[in-house]
Protein chains: 2
Amino acid sequence: MAVTMNDVARVAGVSLKTVSNVINNYEFIRPTTKQRVLDAIDELGYETNLTARSLRSGKTSMLGLVLADLSIPYYAELASDIMKAAWARGYRVLVEQSGNEPYHEKAALQGQFRTLTDGLLFIPLALDAEQIIDAAGKKPLVLLGEFVQDPRLDMVLIQNHRAAAAVTTHLLAGGRRRIAVLGAHDGDTTGSNGLRLEGYRAALADAGVAYDPALVVGCDWRRDGGADATARLLDSGVEFDAVFGLNDALALGALHELLVRGKKVPEEIAVAGFDDIDEARFASPSLTTVAPGRAEIAERAVELLINRIESMDASPQVQQPEAAFEVRVRQSAP
Amino acid sequence: MAVTMNDVARVAGVSLKTVSNVINNYEFIRPTTKQRVLDAIDELGYETNLTARSLRSGKTSMLGLVLADLSIPYYAELASDIMKAAWARGYRVLVEQSGNEPYHEKAALQGQFRTLTDGLLFIPLALDAEQIIDAAGKKPLVLLGEFVQDPRLDMVLIQNHRAAAAVTTHLLAGGRRRIAVLGAHDGDTTGSNGLRLEGYRAALADAGVAYDPALVVGCDWRRDGGADATARLLDSGVEFDAVFGLNDALALGALHELLVRGKKVPEEIAVAGFDDIDEARFASPSLTTVAPGRAEIAERAVELLINRIESMDASPQVQQPEAAFEVRVRQSAP
DNA sequence: CTGTTGGCATACATCGTTGCAGATCAGGCC
DNA sequence: GGCCTGATCTGCAACGATGTATGCCAACAG
């Protein structure tokens with residue numbers, strides 16, 4: 001039913017392969033022939049069947065992207081950047097939502113899904129490095145966001161530790177001494193939660209402020225997690241003059257809860273987050289946070305992955321570039 | 001290099017076609033044979049090459065989704081729902097960002113991209129019905145969100161008019177009489193902007209409140225558009241006691257600007273939006289808005305599209321189901 | 001006139017599957 | 001025994017493109 005190269009060839013009066021050559025910009029084609037083919041393509045409305053091309057060439061020109069859920073703003077914004085970066089290089093992106101479940105993450109790493117892509121960008125949340133290495137096939141894989149960090153894997157690093165320290169230092173500079181942390185448990189040292197918590201502790205130590213585990217509250221990295229944790233903190237009677245949400249969703253949830261409880265932000269309690277999602281600028285008060293270099297992360301990750309794809313053999317050396325971060329000071333913690 | 005059915009067949013000691021039959025759950029296979037094949041698949045780590053299957057079968061089991069940008073929360077949340085609905089039916093979703101540009105929208109409708117999908121979900125922003133019909137190929141197409149509405153096209157309808165009227169009525173019931181509208185120009189009657197504006201006017205008329213064009217401010221449907229428009233409104237000296245953002249981003253932008261300017265919300269000025277994005281619940285004050293039935297829209301659209309795909313010939317009748325809406329009353333306009 | 005070169009076009013095999021049309025074989029029935 | 005039925009398995013030809021090898025012809029050198 002669809003128009004094929006064969007049809008075009010017949011109309012143009014050339015062989016099928018010549019049509020293929022025209023489409024692929026083969027050098028040695030007489031201009032007149034080329035024009036005849038192009039006219040035929042136009043006339044018939046021919047479009048190359050990418051499926052067939054993929055089968056023959058072994059490349060799909062698609063990248064897989066595995067993340068928890070697009071309804072989470074940080075991932076959505078990152079996905080948007082990634083798609084633009086990939087597009088600019090002639091690749092499309094096939095998104096797979098893992099829902100943060102190990103089962104789905106593993107399925108995405110192994111599953112048939114992989115046969116549709118030339119390589120995979122993966123934001124691991126539930127699996128650890130060992131499991132990822134076990135599950136991953138031989139196709140190129142680049143990790144993002146480093147809940148996981150491992151010398152055997154390509155990844156683009158967020159400077160969790162230093163960025164978190166920078167935010168904490170900013171809060172300390174504002175005179176805050178009792179800074180609550182939302183989204184980690186006392187003792188976490190790995191993953192984004194652990195690294196950010198460590199950054200926080202390092203900043204405290206630098207400033208000579210004591211670390212109080214009572215100020216550290218674990219919860220889901222979502223708005224309602226942040227709100228709940230803040231409520232618990234307030235109810236517990238622990239004193240604090242600032243809240244550091246380990247991501248913006250947590251901070252925004254905290255902000256909401258504080259305002260509901262009649263606390264003045266930032267006068268009584270300052271609030272800071274991590275990620276600089278769009279929403280942070282428009283919260284009331286606007287949210288102080290740290291931008292982890294999202295666009296740069298997307299760009300680097302896509303670039304790294306495509307390099308791996310297009311030169312499979314070369315450079316077996318693992319790469320782990322770091323993105324630059326920047327503290328964005330706004331009203332919630334001036 | 002990759003393991004193929006042929007390899008599996010050799011190991012299992014059966015024909016290639018039998019392997020295929022096992023994979024496709026062909027009925028008449030001796031259990032022992034089936035087991036032998038499954039064992040071989042396991043042993044070799046065979047995975048079906050979906051590209052080859054697509055070529056042979058003519059189906060890709062992928063749906064295209066064209067929207068402006070995933071960094072816009074409403075689209076991201078809708079995309080997430082659509083992907084889940086599609087997944088549940090054995091389809092994947094290939095997202096294409098149009099950036100709200102006619103050129104990109106047209107490319108997405110026609111381009112080679114379509115050869116990778118069995119059908120398309122399309123949220124048109126820049127093209128009108130005529131252009132869409134011209135550009136679209138013969139593959140199934142379902143429109144969402146109806147900036148465009150046309151009897152020749154399948155689509156899932158948002159009840160723009162009635163939902164906007166309901167929100168307006170809610171504001172009126174709260175005693176507001178000077179309700180500013182952000183995101184439409186006086187006189188708009190088509191598209192989401194026009195339909196929502198008409199709903200607003202209808203509600204005013206019902207309540208016997210005069211319509212004042214000075215209260216209607218056009219702008220980009222984004223947070224900063226809403227903030228700017230609100231600033232202009234305040235500066236212009238026009239009196240108003242409520243703001244109705246034609247989507248939540250506008251309303252949140254307005255909310256932000258009002259608070260920055262020291263206005264009390266909702267005491268002095270009430271704010272309401274449209275979409276019920278996640279963020280609305282966690283704004284401070286939380287945002288009154290109308291939920292257009294996002295999950296239902298996603299579900300219906302995917303269902304409709306897949307029905308079209310799987311029975312191309314049947315039911316040439318255009319379908320345009322309507323999703324149920326619901327006003328969500330929160331603090332910004334109690 | 002023959003041999004070589006280079007531009008241009010073609011034929012054929014092939015990528016990994018699935019649809020179609022048998023082939024084979026055991027069991028049941030007359 | 002011959003024939004039919006239905007379960008089980010197989011071979012061949014596609015799907016629509018591209019890589020490789022090669023053919024053909026004009027131009028040009030010897």
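Note that these values count all heavy atoms, side chains included, but never hydrogens, waters or copies made by symmetry. Just so it is clear: chains get the letters A, B, ... in the order the sequence lines come, proteins before strands, and each one is counted from 1.
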Hey, is the main chain of A:Pro124 close enough, under 3.5 Å, to the side chain of A:Glu105 for a donor-acceptor pair? no
Any donor-acceptor pair under 3.5 Å linking the side chain of B:Ser54 with the backbone of B:Leu50?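 Such a contact is found between B:Ser54 side chain and B:Leu50 backbone.
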Could one point to a donor on the side chain of B:Lys17 or the base of C:dG22 with an acceptor on the other under 3.5 Å away?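 Answer is no: no donor-acceptor pair is held.
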Once hydrogens and angles are ignored, does a donor-acceptor distance under 3.5 Å link the base of D:dA7 to the side chain of B:Arg30?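 There is none.
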For a quick check of understanding: with a heavy-atom distance under 4.0 Å over all strands, which category does [X] fall into, base, sugar-phosphate or nothing?
X: A:Asn6; value: nothing
X: A:Thr51; value: nothing
X: B:Leu55; value: base
X: B:Ser54; value: nothing
X: A:Leu50; value: nothing
X: A:Thr4; value: sugar-phosphate
X: B:Ser57; value: nothing
X: B:Tyr26; value: base
X: A:Ile23; value: nothing

Rounded to whole Å, how long is the line connecting atom [atom1] of [X] with atom [atom2] of [N]?
X: B:Asn21; N: D:dT8; atom1: CG; atom2: P; result: 12 Å
X: A:Lys34; N: C:dC8; atom1: NZ; atom2: P; result: 11 Å
X: A:Leu116; N: C:dC15; atom1: CG; atom2: P; result: 20 Å
X: B:Lys59; N: C:dG16; atom1: NZ; atom2: P; result: 24 Å
X: B:Asn24; N: D:dC9; atom1: CG; atom2: C1'; result: 15 Å
X: A:Tyr46; N: D:dG16; atom1: OH; atom2: P; result: 10 Å
X: A:Arg36; N: C:dT10; atom1: CZ; atom2: P; result: 8 Å

Look at A:Asn49 and D:dC15 and indicate whether a side-chain polar atom (N or O) is within less than 4.0 Å of OP1 or OP2. no
Are OP1 or OP2 of C:dT10 and a side-chain N or O of A:Thr18 less than 4.0 angstrom apart?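 The answer is yes; a side-chain N or O of A:Thr18 sits under 4.0 Å from OP1 or OP2.
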Taking every non-hydrogen atom, the tightest pair across A:Leu157 and A:Gln320: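 Smallest heavy-atom distance, with atoms named: CD1-O, 3.6 Å.
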Look at B:Arg152 together with B:Glu130 and state whether they make a salt bridge at an N to O cut-off of under 4.0 Å.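 Salt bridge between B:Arg152 and B:Glu130, a charged N being under 4.0 Å from a carboxylate O: yes.
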Quick one: do A:Arg294 and A:Asp278 make a salt bridge, cutoff under 4.0 Å?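 Salt bridge flag = no for A:Asp278 with A:Arg294.
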Separation between CD1 of B:Ile309 and OG1 of B:Thr117, rounded to the nearest 0.5 Å: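 Spacing of CD1 (B:Ile309) from OG1 (B:Thr117) equals 7.5 Å.
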Most 5' of A:Arg53 and B:Glu27 on DNA chain D, judged by nearest nucleotide: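 Going by which nucleotide is closer to the 5' end, it is B:Glu27.
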Side chain of [X] - closest among [options]:
X: B:Ala52; options: C:dT17, D:dA17, D:dG11; answer: C:dT17
X: A:Arg56; options: C:dC8, D:dG19, C:dT17; answer: D:dG19
X: A:Ser20; options: D:dT18, C:dT18, D:dC9; answer: D:dT18

